[in-house]
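Have a look at the structure below before the remarks.
Position 1 is the first residue of the sequence; numbering continues from there.
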Amino acid sequence: MGLNITGKILSSHLVKGSLEAGKAIEIRIDQTLTQDATGTMAYLQFEATGLERVRNELAVSYVDHNTVQVGFENADDHRYLQTVAAAKGVVFSRAGNGICHQVHLERFSVPGKTLLGSDSHTPTCGGIGMAAIGAGGLDVALAMAGVPFSLVCPRVINIKLSGRLRPFVTAKDIILKVLGHFGVKGNVNTVFEYSGDGVGTLSVPERATICNMGAECGVTFSVFPSDAITHEFLIKQGRGESYSPLSADSDAHYDGEYTIDLGALEPLAACPHSPGNVKSIRELAGMKVDQVLIGSCTNSSYADMAKVASILEGRRVNDNVSLGIAPGSRQVLMMISRDGSLEKMVRSGARILESACGFCIGNHQSPGTNAVSLRTNNRNFEGRSGTASAQVYLVSPEIAALSALTGYIADPFARNSAKAPDMPVINDFICDDGMLVFPPSDGSSVEIKRGPNIGEPPKCRPLEDILDGEVSIKVGDKITTDHIMPAGQRLKYRSNIPLYSTFVFENVDPSFHTRSAALRDEGKASFIVAGASYGQGSSREHAAICPMYLGVKAVLAISIERIHQANLCNFGILPLIFENEDDYRSLNQGDRLVIEDARSQVEKAAVTKQVIVRNLTRNSDYVMKLDVTPLQTDMLLKGGRLNQIREALDEKQI
Ligand code: MIC
Ligand code: SF4
């Protein structure tokens with residue numbers, strides 16, 4: 001039996017285990033990336049390993065999330081990131097250079113390599129044929145230390161693309177179609193691998209858009225073949241030598257298959273408040289729009305921008321719409337300024353925003369009360385925009401630009417009214433790496449600068465024998481990490497855990513943190529009870545660190561998403577799954593829960609996969625599934641991954 005692309009990359013990086021779907025494996029990580037919102041904690045954790053220098057092939061630290069810099073905190077974080085990068089051998093991408101995933105695709109991606117990033121959209125580089133995986137900052141810190149990354153060997157779904165897209169139908173519509181089919185839950189430990197003749201009609205940035213939003217389905221990564229189009233992209237990026245071909249063997253095995261006829265696709269939108277809530281633009285056409293925002297790591301490539309400019313050319317943004325455009329990188333910004341696209345945008349009335357995450361994470365551009373906002377990014381979770389009552393729709397750049405002109409959601413096929421945008425001809429990309437700071441070969445004399453906002457990573461205690469406490473909160477299905485640990489205006493506290501912890505579940509139940517901290521201070525355990533797909537969305541490990549700081553000892557859920565499950569284990573919180581979903585319904589906030597013989601139950605769960613939780617309020621016992629790898633069992637017992645690593649370092653095993 002031949003190998004698929006996933007199997008080829010994973011087998012050439014396999015350090016431990018065998019490639020059987022569902023089994024724990026460890027792989028070597030070639031490249032790492034961090035961004036500033038997760039990066040400070042990741043480098044503090046890297047420093048805690050005591051290593052002088054990173055050990056992986058390439059480590060890049062990007063500043064793209066917290067670029068608004070209200071107050072001193074972000075600027076302090078950025079100075080820390082720049083100095084620690086120089087000291088430890090990390091390439092530093094300065095604020096203004098662009099969004100990590102866009103820049104990494106342009107300047108560093110290499111087909112066939114592995115990439116681990118402390119951001120859930122790291123899979124963007126799957127567009128060039130990388131196994132690119134999002135993880136918590138601690139996992140990335142350890143990958144920089146040369147520690148293999150441990151994951152569950154994924155099952156691989158073959159998504160076959162046939163035919164060619166019509167004008168106005170885009171890569172965004174392909175991934176929205178995938179999202180509509182697979183949904184935002186139930187896809188953990190899965191890879192989406194793309195094949196078929198339609199692949200050859202898509203550029204690398206289009207493939208990257210598709211891989212980017214695979215994250216919304218919860219898959220481990222998505223990947224495209226590396227072919228002649230990949231080669232051409234790399235040559236035009238001045239990096240032709242990074243190319244190597246990569247495709248699945250003709251008799252490769254897949255665990256499932258889904259076919260999309262590109263010619264039959266129509267423009268789509270993800271409706272409030274989930275990327276999986278997909279409808280056609282046809283159904284939504286005519287809805288009044290207040291704000292349009294184009295950019296983010298999903299749709300901010302040069303071609304995206306040039307097509308938008310071509311739609312806007314010679315026309316004026318509707319009087320009642322605010323249109324903001326954020327080119328994804330400094331390269332894209334320089335290219336749209338060279339070819340005149342920038343002028344077309346400015347003339348139309350667009351507001352040009354910084355090449356950064358900005359609006360996507362609710363850092364600015366919050367819509368008005370009850371406003372309808374059309375955006376080209378990847379997440380429309382309730383409140384993420386910074387306005388709880390806003391209705392955010394995710395669409396392609398083409399639909400966004402057309403709608404900004406008309407003032408309502410515009411269907412380009414209605415009355416055949418719209419002229420298709422000109423496709424830009426790209427002879428070369430502007431390759432100026434002047435905003436990358438390369439580290440000195442010996443960084444030992446570099447002074448690492450820390451501001452008052454930067455604290456130590458909090459310490460975790462080894463698992464106690466009895467966990468006795470209360471359900472401090474009960475939440476429903478699809479609770480995202482944005483619900484658990486809000487970003488936006490709170491983002492600047494990422495390096496200050498005691499302060500950031502006061503915002504846990506802020507928009508769900510603002511009294512949570514005082515309740516949980518009170519239990520902790522009385523020496524009691526705090527338990528979170530959740531429905532299906534708990535922790536979906538971002539990779540932010542703060543959604544585990546801050547609850548841990550507030551005394552949370554276990555999450556009892558119907559299901560937990562992959563990155564969040566790993567983050568919980570990394571910080572010593574038990575990820576427990578209800579064997580019987582009715583138990584979830586019978587539990588209430590305030591119930592007294594006890595896990596007796598917790599240590600031996602967790603040890604035995606390596607075989608039984610079970611832990612019993614007693615509800616003393618309701619006089620019942622719950623059978624909970626604890627399905628973790630042997631490495632995770634060990635870290636849960638030791639009180640987290642950092643304790644485990646410190647021990648290994650003391651024993652000189654690293
Ligand atoms: C996001 O899109 O939610 C983020 C902000 O990029 C996060 C990372 C973070 O919270 O810092 C992600 O996707 O992992
Ligand atoms: Fe930045 Fe948004 Fe992409 Fe996250 S999803 S990396 S916030 S642009």
Euclidean distance, I175 CD1 relative to S222 OG, rounded to 0.5 Å: 6.0 Å
Heavy-atom neighbours of R347 CZ exceed 12 at 6.0 Å: no
Side-chain donor or acceptor of E343 paired with backbone N/O of G340 under 3.5 Å: no
Rounded distance (nearest 0.5 Å) linking atom OH of Y254 with atom CD of E193: 3.5 Å
NZ/K160: more than 12 non-hydrogen atoms of other groups inside 6.0 Å: no
L116 and its side-chain contact (heavy atoms from CB on, under 4.5 Å) partner, picked from I27, I29, T34: I29
Beyond-backbone contact of H273 with R384, side-chain heavy atoms, under 4.5 angstrom: no
D227/R207 salt bridge by N-O under 4.0 Å criterion: yes
More than 12 heavy atoms of other groups within 6.0 Å of K23 NZ: no
Rounded distance (nearest 0.5 Å) linking atom OH of Y62 with atom OG of S329: 10.5 Å
For the student: nearest non-hydrogen atoms of M305 and G295, plus distance: CE-CA, 4.3 Å
Ring geometry between Y194 and F192 (parallel below 30°, tilted from 30 to 60°, perpendicular above 60°): perpendicular
Side chain proximity check, D304 to V308, heavy atoms < 4.5 angstrom: no
Validation row: L312, I325 side chains within 4.5 angstrom (heavy atoms): yes
Sidechain-backbone polar pair: H13 side chain, I9 backbone, donor-acceptor under 3.5 Å: yes
side-chain contact (heavy atoms from CB on, under 4.5 Å) between R107 and Q237, intermediate numbers included: CA-CA 7 Å; R107 307 308 303 146; Q237 287 287 352; 3.1 Å; yes
Under 3.5 Å donor-acceptor, S403 side chain and A410 backbone: yes
Non-hydrogen atoms of S300 and I99 that approach each other most closely: OG-CD1, 4.5 Å
Ring centre gap for Y243 and F233 strictly below 6.0 Å: no
For the student: nearest non-hydrogen atoms of L342 and S337, plus distance: CD2-CB, 3.6 Å
Modelled atom types, side-chain donor and acceptor of R379 and S296, under 3.5 Å: no
Where V317 and G349 come nearest, the two heavy atoms and their spacing: CG2-C, 4.1 Å
Separation between OG of S373 and CG of L394, rounded to the nearest 0.5 Å: 9.0 Å
Beyond-backbone contact of Y534 with E561, side-chain heavy atoms, under 4.5 angstrom: no
Any donor-acceptor pair under 3.5 Å from D251 side chain to G2 backbone: yes
Distance-only polar pair, side chains of T170 and D173, donor-acceptor under 3.5 Å: yes
Taking every non-hydrogen atom, the tightest pair across G276 and V184: N-CG1, 3.6 Å
Between N212 and H101, a side-chain donor and acceptor under 3.5 Å: no
Aromatic ring proximity F381/H483, centre distance under 6.0 Å: no
Pairwise side-chain contact, T122 with I133, heavy-atom cut-off 4.5 Å (strictly under): no
Within 6.0 Å of NZ in K8, more than 12 heavy atoms from elsewhere: yes
S348 and R315: side chain donor to acceptor below 3.5 Å: no
Rounded distance (nearest 0.5 Å) linking atom CG of L176 with atom SG of C271: 9.5 Å
Non-hydrogen side-chain atoms of H121 and E216 separated by less than 4.5 Å: yes
R562: which of T190, V219, V188, V152 passes side-chain contact (heavy atoms from CB on, under 4.5 Å): V188
Exercise: do N4 and N158 side chains pair donor with acceptor under 3.5 Å: no
Interatomic distance, I311 atom CD1 to D422 atom CG [nearest 0.5 angstrom]: 9.5 Å
Within 6.0 Å of NZ in K177, more than 12 heavy atoms from elsewhere: no
Aromatic plane relationship, H181 with Y258 - under 30° parallel, 30 to 60° tilted, over 60° perpendicular: parallel
Min side-chain heavy-atom separation F224-T230 under 4.5 Å: no
Atom of N567, atom of S539 and distance for their closest heavy-atom approach: ND2-O, 3.1 Å
Residue pair L234 / V204, side-chain heavy-atom distance below 4.5 Å: no
